[in-house]
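If you're wondering where the values come from, they're calculated on a predicted model, not measured in any experiment.
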Amino acid sequence: MDFLQLLSCACIIFTVGMFTTGLTDLKKMKATQCADNVQFLPFLTTCLNNLGWLYYGLLKGDGTVISVNIIGASLQTLYIITYCHYTKEKRRVYSQTLVMGIVLCVGWVYFTMVIPAGETQLSQLGLACSVFTISMYLSPLADLLDIVRTKSVERLSFSLTVATFFTSTSWTLYGLQLQDYYIMVPNTPGIFTSLIRFFLFWQFGAVLSNKPSYKLIQI
């Protein structure tokens, strides 16, 4: 097994592991028969991100990108369906899902009918996916600032932080190995935000010494 194949396996294992952290929320919803303490938007945005990268993988013929995002989109769809079933705010959830569907349709029309097939199509899709992924990695920064203010990491998930770090690192190295900067660049912020979280756990983790576990959040 060469280095690229090793990185491919690492990307699949770590990314799927990160996606399955949502199973904790799914179990919580089934146990409580409600979705009050679960965030919906992360499921929606992650699903949209997966579908974008799936299309990129199909255009490029990259089996690793295709496999990971098929699994990711399937899991996020499961989480979305479960949330819709248990939530009391169905109008808000359906409205947000409709907006995602519209964005998806507009994107599909633009990248398949407006832009000519070939290198331009691939590069513009890669750029769009990269910007979206970077925004997802940077979106929790406001929560990190709140953690510094409150000096409590109760809202952070240590296991999710570890998974994010290894996932971002493996994809960054994979993109570097392929010389695909659309894969490499957007995963770099994930490494830095994970390192910031590790520092926060080291700095403020003592306050959780009497807590049974960390509360899961989605990125």
Side-chain angles (χ1 to χ4, degrees), residues 1-26 42-80 100 103-104 107-108 110-112 115 117-140 157 159-195 197-198 218-219:
M1 179 181 292
D2 60 22
F3 186 55
L4 184 60
Q5 289 177 316
L6 184 63
L7 285 175
S8 175
C9 291
C11 288
I12 293 173
I13 292 170
F14 291 132
T15 309
V16 171
M18 186 173 71
F19 288 151
T20 56
T21 56
L23 291 172
T24 302
D25 286 334
L26 189 147
F43 296 147
L44 211 56
T45 54
T46 303
C47 186
L48 187 61
N49 192 47
N50 287 148
L51 292 173
W53 282 111
L54 175 58
Y55 189 27
Y56 180 83
L58 289 170
L59 290 179
K60 191 175 182 180
D62 190 313
T64 303
V65 176
I66 293 171
S67 301
V68 162
N69 287 287
I70 286 177
I71 296 171
S74 300
L75 285 171
Q76 300 308 319
T77 301
L78 174 63
Y79 302 151
I80 289 170
M100 189 200 81
V103 170
L104 196 62
W108 183 82
Y110 178 75
F111 287 112
T112 57
I115 300 179
E119 201 61 38
T120 302
Q121 181 188 35
L122 188 66
S123 62
Q124 289 204 21
L125 178 60
L127 180 62
C129 291
S130 297
V131 171
F132 196 79
T133 300
I134 290 173
S135 66
M136 287 183 65
Y137 275 129
L138 297 181
S139 60
S157 166
S159 59
L160 185 59
T161 301
V162 172
T164 302
F165 174 76
F166 283 112
T167 299
S168 302
T169 301
S170 58
W171 279 112
T172 299
L173 294 175
Y174 183 76
L176 183 62
Q177 189 74 6
L178 292 177
Q179 293 295 299
D180 189 329
Y181 296 104
Y182 296 121
I183 294 177
M184 184 187 74
V185 173
N187 284 284
T188 305
I191 299 175
F192 290 111
T193 55
S194 296
L195 291 175
R197 292 182 184 192
F198 283 133
Q218 292 289 329
I219 64 168

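Contact record, P186 with I134: CA-CG1, 3.5 Å, taken as the closest heavy-atom pair. Pairing each heavy atom of Q76 with each of P42, the nearest pair is OE1-O, 4.5 Å. Of all heavy-atom pairs between P189 and L138, the closest is CB-CD2, 4.1 Å. Among all heavy-atom pairs drawn from C47 and I80, the shortest one is CB-CD1, 4.1 Å.
With a 4.5 Å cut-off on side-chain heavy atoms, I66 and L54 count as touching. Contact of the F165 side chain with the T193 side chain is not registered, since no non-hydrogen atoms from C-beta on lie closer than 4.5 Å. In this structure, the side chains of L178 and D62 come closer than 4.5 Å at one or more pairs of heavy atoms. Two residues are said to be in side-chain contact when any heavy atoms from C-beta on lie closer than 4.5 Å; M184 and Y181 meet this criterion. By the 4.5 Å heavy-atom criterion applied to side chains, C11 and T64 are counted as neighbours. By the 4.5 Å heavy-atom criterion applied to side chains, W53 and T133 are counted as neighbours.
A side-chain donor-acceptor contact under 3.5 Å links Q5 to the backbone of D2. Between the side chain of T15 and the backbone N or O of I12, no donor-acceptor pair lies under 3.5 Å. Side chain of S8 to main chain of L4: no donor-acceptor pair is present (N/O by atom type, distance under 3.5 Å, no hydrogens or angles). Side chain of S170 to backbone of T167: a donor-acceptor contact under 3.5 angstrom is found. A donor-acceptor pair under 3.5 Å is formed between the side chain of S130 and the backbone N or O of Y182.
In this structure, F14 and F166 have parallel ring planes: the angle between them is below the 30° cut-off, well short of the 60° mark.
The line from CG of L48 to CG of L104 is 6.0 Å long, rounded to the nearest 0.5 Å. Between atom CG of residue N187 and atom CD1 of residue I183 there is a gap of 8.0 Å, rounded to the nearest 0.5 Å. Between D180 atom CG and L122 atom CG the span is 7.5 Å, to the nearest 0.5 Å. Here Y56 contributes atom OH and Q124 contributes atom CD; the two are 13.0 Å apart, rounded to the nearest 0.5 Å. Interatomic distance, T46 OG1 to M18 CE, rounded to the nearest 0.5 Å: 7.5 Å. Atom OH in Y79 sits 6.0 Å away from atom OG1 in T20 (nearest 0.5 Å).
Remark: E119 CD is loosely packed, at most 12 non-hydrogen atoms of other residues, nucleotides or ligands lying under 6.0 Å away.
Here the two rings, on Y55 and F111, have centers that are 6.0 Å apart or farther.
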Audit row: F3, L7, side-chain contact (heavy atoms from CB on, under 4.5 Å) steps and yes/no: CA-CA 6 Å; F3 186 55; L7 285 175; 3.5 Å; yes

Steps toward side-chain contact (heavy atoms from CB on, under 4.5 Å) verdict (I191, W171): CA-CA 10 Å; I191 299 175; W171 279 112; over 6 Å; no

Verdict with supporting geometry, F19 and N50, side-chain contact (heavy atoms from CB on, under 4.5 Å): CA-CA 11 Å; F19 288 151; N50 287 148; 3.3 Å; yes

Stepwise side-chain contact (heavy atoms from CB on, under 4.5 Å) test for N49 and N69: CA-CA 9 Å; N49 192 47; N69 287 287; 5.8 Å; no

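Between the side chains of S168 and Y137, at least one donor N or O sits under 3.5 Å from an acceptor N or O.
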